**Student:** 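Below: one structure in structure tokens.
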Number of protein chains: 2
Amino acid sequence: MNAKTKALFEARAKIMKALAHPTRLFIIHELSRKQRCVCELTEMIGADTSTVSRHLSVLKSAGIIADDKRGVQVYYNLRMPCVLNFFGCVESVIKSTAREQMELLKR
Amino acid sequence: MNAKTKALFEARAKIMKALAHPTRLFIIHELSRKQRCVCELTEMIGADTSTVSRHLSVLKSAGIIADDKRGVQVYYNLRMPCVLNFFGCVESVIKSTAREQMELLKR
DNA sequence: TGTTTATTTGGCAATATCGACAAATATCTT
DNA sequence: AAGATATTTGTCGATATTGCCAAATAAACA
């Protein structure tokens, strides 16, 4: 595997890593409905504000969301709605795995 | 956020985590072309066999790939080709971020 | 049966991620 | 300027991930 190929997959992995956390997936889901400020998301998630802010910064630096400062508040919005298309596939993986587990139990 | 919602996003995150590593993304890419045995993938990746085997086991337990034992060798194949559809979106995130960086440099 | 080859698994050190607290920063208000 | 509110950042302990080596397992074959 040459350096260029390696760089490509590393760049992709960086985005995937940003998506690989339940809280961040929730944030994406919520931002797909409407933009939200940190305090609103913190309220919904029920973690420390600093924790939520860190998750937002991970998503932002991956280029998935963008921020919009309004006075004291910072509103975040989904910059790459195409990520949502993926969840159908993820869901099918989950379902298929679950179905398989069931089959194994039947015996 | 209730327990059910939380479980949904945790299940999704588990799949995303499996996809969040450059070597595993390479494996998926390679398996999308044709099925491969561990030794072939090891050769291409240039890591220890045990390392490659571990990556394969992560992908398998997430339900993304499946194995097919043939004598001493184990061939792996892509069970969820829909994951490939996502990379177009990932690519657009990468490009868009890169473009933005360029704009910043122009000033 | 003993040997060879392919793969998996146990264990360990290095590194990365996570979540919370405290402190810093920024904006608005008085 | 001082206070209040929203957010970010520094730090740290806990936990998870990664990659390699060595050892275990499994199948094919002499």
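Given the structure is predicted, the values throughout are model-derived calculations rather than measurements. Chain A is the first sequence line, chain B the second, and so forth, proteins listed ahead of strands; every chain is numbered from 1.
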**Student:** Measure the shortest side-chain to side-chain distance between B/Arg79 and A/Thr97 over non-hydrogen atoms and say whether it is less than 4.5 angstrom.
**Tutor:** yes
**Student:** Report, one line per pair, each donor and acceptor closer than 3.5 Å where one atom sits in a side chain of residues 13-24 of chain B; sequence neighbours left out.
**Tutor:**
unit_1, atom_1, unit_2, atom_2, d
B/His21, ND1, B/Thr23, N, 3.0
B/Arg24, NE, B/Ala18, O, 2.7
B/Arg24, NH1, B/His55, ND1, 3.0
B/Arg24, NH2, B/Lys17, O, 3.2

**Student:** Output a table of donor-acceptor pairs, distance under 3.5 Å, between side-chain atoms of residues 66-78 of chain B and any protein atom two or more places apart or on a different chain; print 'none' if there are none.
**Tutor:**
unit_1, atom_1, unit_2, atom_2, d
B/Asp67, OD2, B/Lys60, NZ, 3.3
B/Asp68, OD2, B/Arg70, NE, 3.4

**Student:** Starting at OH of A/Tyr75 and ending at C1' of D/dA6, how long is that distance when rounded to a whole Å?
**Tutor:**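 Computing the A/Tyr75:OH to D/dA6:C1' distance gives 11 Å.
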**Student:** Give me the atom names and distance for the closest heavy-atom approach of B/Ser32 to B/Leu84.
**Tutor:** CB-CD1, 3.5 Å
**Student:** Strictly below 4.0 Å, heavy-atom distances to any atom of DNA chain C: list the hits from residues 29-42 of chain B, or just say none.
**Tutor:** B/Cys37, B/Val38, B/Cys39
**Student:** Can you tell me how far OG of B/Ser92 sits from CE of A/Met80, rounded to the nearest 0.5 angstrom?
**Tutor:**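 One gets 5.0 Å once the value is rounded to the nearest 0.5 Å.
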**Student:** Shared ILVMFWY cluster between A/Leu56 and A/Val58, side chains joined below 4.5 angstrom?
**Tutor:**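 No.
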**Student:** For the residue pair A/Ile65 and A/Gln35, establish whether any side-chain heavy-atom pair is separated by less than 4.5 Å.
**Tutor:** no
**Student:** Sugar-phosphate atoms are those with a prime plus P, OP1 and OP2; base atoms are the rest. Using that split, label each nucleotide of nucleotides 11-19 of chain D B, S or - for protein heavy atoms under 4.0 Å, 5' to 3'.
**Tutor:** B------SS
**Student:** Mind running salt bridge (Lys or Arg N to Asp or Glu O under 4.0 Å) on B/Lys34 and B/Glu40 for me, showing each step along the way?
**Tutor:** CA-CA 11 Å; B/Lys34 60 184 290 192; B/Glu40 287 173 321; 5.5 Å; no
**Student:** Is there a ring-ring contact (aromatic ring centres under 6.0 Å, His included) between A/Phe9 and B/His29? Walk through the geometry before answering.
**Tutor:** CA-CA 10 Å; A/Phe9 289 107; B/His29 172 258; 5.5 Å; yes
**Student:** Answer yes or no: is there a donor N or O on one side and an acceptor on the other, between the side chain of B/Ser53 and the main chain of B/Ser50, under 3.5 Å?
**Tutor:**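 Flag not set: sc B/Ser53 to bb B/Ser50 has no pair under 3.5 Å.
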**Student:** Reading DNA chain C 5' to 3', which nucleotide is the first, and which the last, to come under 4.0 Å of any heavy atom in chain B?
**Tutor:**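 Result: C/dT5 to C/dG11.
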**Student:** Just to be sure I understand the geometry, which residues of residues 64-71 of chain A put a non-hydrogen atom under 4.0 Å away from DNA chain C?
**Tutor:** A/Gly71
**Student:** Give, for atom CZ of B/Phe26 and atom OG1 of A/Thr5, the distance between the pair rounded to the nearest 0.5 Å.
**Tutor:**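 Here the interatomic distance stands at 7.5 Å.
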**Student:** With the side chain counted from C-beta on, respond yes when A/Asn85 and B/Asn85 share a heavy-atom pair under 4.5 Å apart, and no when they do not.
**Tutor:** no
